[in-house]
Amino acid sequence: MYGQEKIKPYDTAGEKGEQVELMFDNIAPSYDILNHRLSWDIDRSWRRKAIDALAPFKPQHILDVATGTGDFAILAARMLHPRSLIGIDISEGMMNIGRNKVEHEQLADVISFKKDDCLNLSFDDNSFDAVTAAFGIRNFQNLDRGLSEMHRVLKPGAHLSIVELTTPISFPMKQLFAIYSRIVLPLYGRLVSNDRSAYDYLNRTIAAFPQGEEMMTILAKAGFKRTSFKRLTFGICTMYFAEK
């Protein structure tokens, strides 16, 4: 078990997955505002880089895991022009916001949303040309199982592209990020979202989540090959790319 799998949003009984669903339903109305403000809007460029990595392969059928409010799905549809893109999440509250965005962007003919369990995906083997995930895999109750499922539904030779928040490793960004993530992020998140636990939880999972070379080993264990990673914005975010 990895460190972040032991961390739950709330100090109550129940499995992590159930609590994560409740947390995201609670913060859904304020999630986009907080996400962009707390990253100074840099999160948009991180998503773009993950999509750029897929562009040479022209994926036509894409699965976006932990799609949230659909920002990654919408940007991928605009940049990659796939025939279909399915966004899955455990939070209907988040996806309902995503559905409204997709209607507004007139992308309903390409993007659809479905509540699904990332540890037991409802799709057949070898179904997708690409699987993506932005800022979601550290919330998996079982990271190995989630990555194995993502591998299973990919077609042979297809690609996985992930961006995830990580802890910087170099001075002085490591020290500055520690102050920001431990004080500013949870305090501001608490004020805007009215959820006292959510952004403290998110901060603790960032610190506990395996990154860099360790993630390469974890991806290989899930069956992926040609794994690579690139630290973005001084290591605040990391992009992972792999092939089935």
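Below, all heavy atoms of this structure are taken into account, side chains as well, without hydrogens, waters or symmetry copies.
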Would you please test Leu63 and Leu121 for side-chain contact (heavy atoms from CB on, under 4.5 Å) and show each step?
-> CA-CA 11 Å; Leu63 177 67; Leu121 295 174; 4.1 Å; yes

Does the pair Asn26 and Tyr10 meet the rule for a side-chain hydrogen bond (donor to acceptor under 3.5 Å, both in side chains), with working shown?
-> CA-CA 12 Å; Asn26 287 342; Tyr10 306 113; 3.1 Å; yes

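Glu105 has a carboxylate O that lies under 4.0 Å from a charged side-chain N of Arg78, or vice versa, which qualifies the two as a salt bridge. Contact check on Lys58 versus Asp129 returns no salt bridge, with no Lys/Arg side-chain nitrogen under 4.0 Å from an Asp/Glu carboxylate oxygen. With respect to Arg48 and Asp52, no salt bridge is recorded, no charged nitrogen being found less than 4.0 Å from a carboxylate O.
Considering only residues two or more places apart in sequence or on other chains, Lys115 meets the side chain to side chain donor-acceptor pair (under 3.5 Å) condition with Glu21. Taking Tyr2 as the reference, Gln4, Glu5, Leu143, Asp144, Pro210, Ile218, Lys221 meet the side-chain contact (heavy atoms from CB on, under 4.5 Å) condition, with sequence neighbours excluded. Looking at residues two or more places apart in sequence or on another chain, you find a side chain to side chain donor-acceptor pair (under 3.5 Å) between Arg99 and Glu92, Asn96. Residues that satisfy the salt bridge (charged side-chain N to carboxylate O under 4.0 Å, His left out) test with Lys114, not counting sequence neighbours, are absent from this structure. Take Thr233 and apply the side chain to side chain donor-acceptor pair (under 3.5 Å) test, not counting sequence neighbours, and it matches Trp46.
Going from atom CG of Leu85 over to atom CD1 of Ile74 covers 10.0 Å, rounded to the nearest 0.5 Å.
Under the 3.5 Å distance criterion, with hydrogens and angles disregarded, no donor-acceptor pair is assigned to the side chains of Asn203 and Asp200. Using modelled atom types and a 3.5 Å distance limit, the side chains of Thr67 and Asp89 yield no donor-acceptor pair.
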Would you mind writing out the side-chain donor-acceptor pairs for residues 234-244 within the sub-3.5 Å range, not counting sequence neighbours?
from   : atom 1 : to     : atom 2 : distance (Å)
Thr238 : OG1    : Thr166 : OG1    : 2.8
Tyr240 : OH     : Gly212 : N      : 3.1
Glu243 : OE1    : Arg226 : NH1    : 3.3
Lys244 : NZ     : Asn126 : OD1    : 2.8
Lys244 : NZ     : His151 : O      : 3.1
Lys244 : NZ     : Arg152 : O      : 3.3
Lys244 : NZ     : Leu154 : O      : 2.7

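Ring pair Phe57/His159: centre-to-centre distance below 6.0 Å.
Cluster annotation: Val153 is connected to Phe224 through the hydrophobic network of ILVMFWY side chains, with a link wherever side-chain heavy atoms come within less than 4.5 Å.
Heavy atoms from other residues, nucleotides or ligands lying under 6.0 Å from CG of Asp11 number 12 at most.
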